[in-house]
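Presented below is the structure to which this report refers.
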Amino acid sequence: MSNIWKSFVLATLAALVGVIGFGGVVHAEGEEVTSTPRTEISISPTMSVVTMLGGDDIKQGSEKCPKDLEAGCAVEVKNTGDTQYRFRVHVTPYSVSGENNEVSFDKTNSSYSQIARWISFLDDNGNYVDEYIGVLGPGEARTVYYRIEVPDDVPGGAQYAAIWAQTISDNNGGTSVQTAGEAGMTIRGRSIGNTKRTGEITDYGFQRFSLGGNLEAHATVKNTGNTDYEIHYEYIARTVFGKELHSESGSIAAWPESEYHVDINWEDTPLLGIFNIEFAVSAADATRSEKQIVVIMPIFVIILLISLLTVIIIWIIIIIRKRKERKARTLV
């Protein structure tokens with residue numbers, strides 16, 4: 001699994017992990033201890049990818065259904081608690097924005113979360129509806145099928161949505177309160193033929209001289225395309241003889257219309273030296289890479305060199321004057 005998908009799954013799990021309700025009751029001494037029923041729900045898979053074309057009707061039996069479940073275009077909802085409850089399955093937009101890749105499920109659809117409007121669920125009567133309502137007993141699981149009706153003018157690039165399974169709270173005659181829980185998965189649609197993977201790298205640079213301390217490099221990268229991808233960077237420092245002293249590399253998950261900063265900080269640098277530095281950044285079709293000689297020279301070394309140079313110049317002047325005096329005496 002690529003780093004961007006790892007990042008995608010991690011962001012999804014952090015944002016979509018089901019909220020599970022636990023209950024407890026305080027009892028008097030000698031009273032029999034009972035516990036409030038646990039209401040827990042889970043959904044699988046955690047993420048699915050589907051490839052789309054304008055006009056597609058993707059549903060159970062379609063070759064374009066994800067392969068995460070044998071059922072295809074479906075999610076499996078399971079009651080992992082110890083009490084029966086009603087539940088619903090519905091869909092919301094899913095978006096990631098900002099340098100820290102903040103996740104949002106805002107109902108206000110962006111151009112990259114239109115797929116949330118195209119998904120419907122097969123109910124028990126054989127009709128596709130906006131949300132599925134069902135009942136699950138303890139330990140039971142239900143396969144809920146969904147359908148994706150892709151419009152003919154599907155926008156280019158990737159599409160993101162979240163499918164949720166949510167318990168429906170009941171107040172059993174006022175005798176107990178159950179906390180509703182929910183769990184979610186992400187679905188990513190990829191349009192064929194009109195995906196744009198482009199990037200822009202600005203504010204690129206790295207130190208070429210230092211009086212001591214850390215050496216830094218930086219770049220600003222913007223995803224100017226219509227799908228997500230990875231930004232890759234690498235920073236390598238070598239001696240003039242080719243020995244590697246420091247290397248740093250990594251990747252950043254970049255989402256459409258978002259800007260990111262690559263910041264390198266080489267700590268514990270040598271006190272003094274001349275080094276070959278290479279700094280490379282790539283973002284889809286954009287690449288910046290440079291190799292430069294970098295000098296680290298502390299201020300006290302500069303002072304010593306200036307002092308030494310001053311002594312050498314004075315010494316040369318003295319020698320020249322002495323030679324002129326000798327020539328003058330010889331002529332006399």
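Here the structure is a predicted model, which means the values were calculated and not measured.
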Roughly how far apart are [X] [atom1] and [Y] [atom2], rounded to 0.5 Å?
{"X": "Gln159", "Y": "Ile187", "atom1": "CD", "atom2": "CD1", "answer": "11.0 Å"}
{"X": "Ile252", "Y": "Tyr233", "atom1": "CD1", "atom2": "OH", "answer": "5.5 Å"}
{"X": "Ile318", "Y": "Ile313", "atom1": "CD1", "atom2": "CD1", "answer": "12.0 Å"}
{"X": "Thr80", "Y": "Ile43", "atom1": "OG1", "atom2": "CD1", "answer": "12.0 Å"}
{"X": "Gln166", "Y": "Glu131", "atom1": "CD", "atom2": "CD", "answer": "9.0 Å"}
{"X": "Thr220", "Y": "Asp263", "atom1": "OG1", "atom2": "CG", "answer": "8.0 Å"}

Identify the two heavy atoms, one from [X] and one from [Y], that lie closest to each other, and give their separation to 0.1 Å.
{"X": "Ile277", "Y": "Ala237", "value": "CD1-CB, 3.3 Å"}
{"X": "Leu272", "Y": "Met297", "value": "CD1-CA, 3.9 Å"}
{"X": "Ser42", "Y": "Ala183", "value": "CA-CB, 4.1 Å"}
{"X": "Ile201", "Y": "Ala286", "value": "CD1-O, 3.6 Å"}
{"X": "Lys222", "Y": "Tyr229", "value": "O-OH, 3.9 Å"}
{"X": "Asp152", "Y": "Gly55", "value": "OD1-CA, 3.2 Å"}

Show me, pair by pair, the donor-acceptor contacts under 3.5 angstrom made by side chains of residues 209-218, not counting sequence neighbours?
residue: Ser210; atom: OG; partner: Gly212; partner atom: N; Å: 3.0
residue: Ser210; atom: OG; partner: Gly212; partner atom: O; Å: 3.2
residue: Asn214; atom: ND2; partner: Asn265; partner atom: OD1; Å: 3.2
residue: His218; atom: ND1; partner: Asp203; partner atom: O; Å: 2.8

Between [Y] and [X], is there a side-chain heavy-atom distance shorter than 4.5 Å?
{"X": "Ile133", "Y": "Ile168", "answer": "yes"}
{"X": "Val89", "Y": "Arg142", "answer": "no"}
{"X": "Leu122", "Y": "Lys59", "answer": "no"}
{"X": "Asn276", "Y": "Ile293", "answer": "yes"}
{"X": "Leu69", "Y": "Pro45", "answer": "yes"}
{"X": "Tyr160", "Y": "Val96", "answer": "no"}
{"X": "Arg288", "Y": "Phe279", "answer": "no"}
{"X": "Val281", "Y": "Ile231", "answer": "yes"}

With hydrophobic residues grouped by side-chain heavy-atom distances under 4.5 Å, do [X] and [Y] end up in a single group?
{"X": "Phe206", "Y": "Trp266", "value": "yes"}
{"X": "Leu305", "Y": "Ile274", "value": "yes"}
{"X": "Ile312", "Y": "Ile306", "value": "no"}
{"X": "Tyr145", "Y": "Val77", "value": "no"}
{"X": "Ile119", "Y": "Tyr128", "value": "no"}

Partner residues of Glu102 under the side-chain hydrogen bond (donor to acceptor under 3.5 Å, both in side chains) criterion, sequence neighbours left out: none
I'd like to know if the side chain of [X] pairs up with that of [Y] as donor and acceptor (distance under 3.5 Å, no hydrogens or angles considered).
{"X": "Thr198", "Y": "Thr224", "answer": "yes"}
{"X": "His232", "Y": "Glu230", "answer": "yes"}
{"X": "Asn223", "Y": "Tyr260", "answer": "no"}

Under a 3.5 Å distance rule, please check whether [X] uses its side chain to pair with a backbone N or O of [Y] as donor and acceptor.
{"X": "Ser191", "Y": "Gly157", "answer": "yes"}
{"X": "Ser104", "Y": "Ser95", "answer": "no"}
{"X": "Asn101", "Y": "Ala253", "answer": "yes"}
{"X": "Asn125", "Y": "Asn127", "answer": "no"}
{"X": "Asn79", "Y": "Glu140", "answer": "no"}
{"X": "Glu234", "Y": "Ala280", "answer": "no"}
{"X": "Tyr204", "Y": "Glu290", "answer": "yes"}

Run the side-chain contact (heavy atoms from CB on, under 4.5 Å) test on Cys73 and Ile148 for me, step by step, so that the C-alpha distance in whole Å, both residues' side-chain angles and the decisive distance to 0.1 Å come before the verdict. CA-CA 9 Å; Cys73 291; Ile148 306 175; 5.7 Å; no
Could you go step by step and tell me if Gln60 and Cys65 meet the side-chain contact (heavy atoms from CB on, under 4.5 Å) rule? CA-CA 7 Å; Gln60 182 184 6; Cys65 281; 5.9 Å; no
Is the [atom1] atom of [X] crowded by more than 12 outside heavy atoms at less than 6.0 Å?
{"X": "Glu244", "atom1": "CD", "result": "yes"}
{"X": "Lys67", "atom1": "NZ", "result": "yes"}
{"X": "Arg208", "atom1": "CZ", "result": "yes"}
{"X": "Lys64", "atom1": "NZ", "result": "yes"}

In a check of side chain to side chain contact (heavy atoms under 4.5 Å, CB included) between Lys196 and each of Asn226, Asp285, Thr227, which one passes? Asn226
Using the ring-ring contact (aromatic ring centres under 6.0 Å, His included) rule, take Phe105 and Trp164 through it: C-alpha gap first, then chi angles, then the decisive distance, then the call. CA-CA 11 Å; Phe105 307 103; Trp164 301 88; 5.0 Å; yes
Can you check ring-ring contact (aromatic ring centres under 6.0 Å, His included) on Tyr132 and Tyr146, steps first, answer last? CA-CA 10 Å; Tyr132 175 88; Tyr146 60 82; over 10 Å; no
Could you tell me if the ring centre of Tyr112 sits under 6.0 Å from that of Trp255? no
Quick one: do Glu149 and Arg147 make a salt bridge, cutoff under 4.0 Å? yes
Apply the test side-chain contact (heavy atoms from CB on, under 4.5 Å) to residues His246 and Phe275: give CA-CA distance (whole Å), side-chain angles for both, the deciding distance (0.1 Å), then the verdict. CA-CA 11 Å; His246 177 80; Phe275 313 97; over 6 Å; no
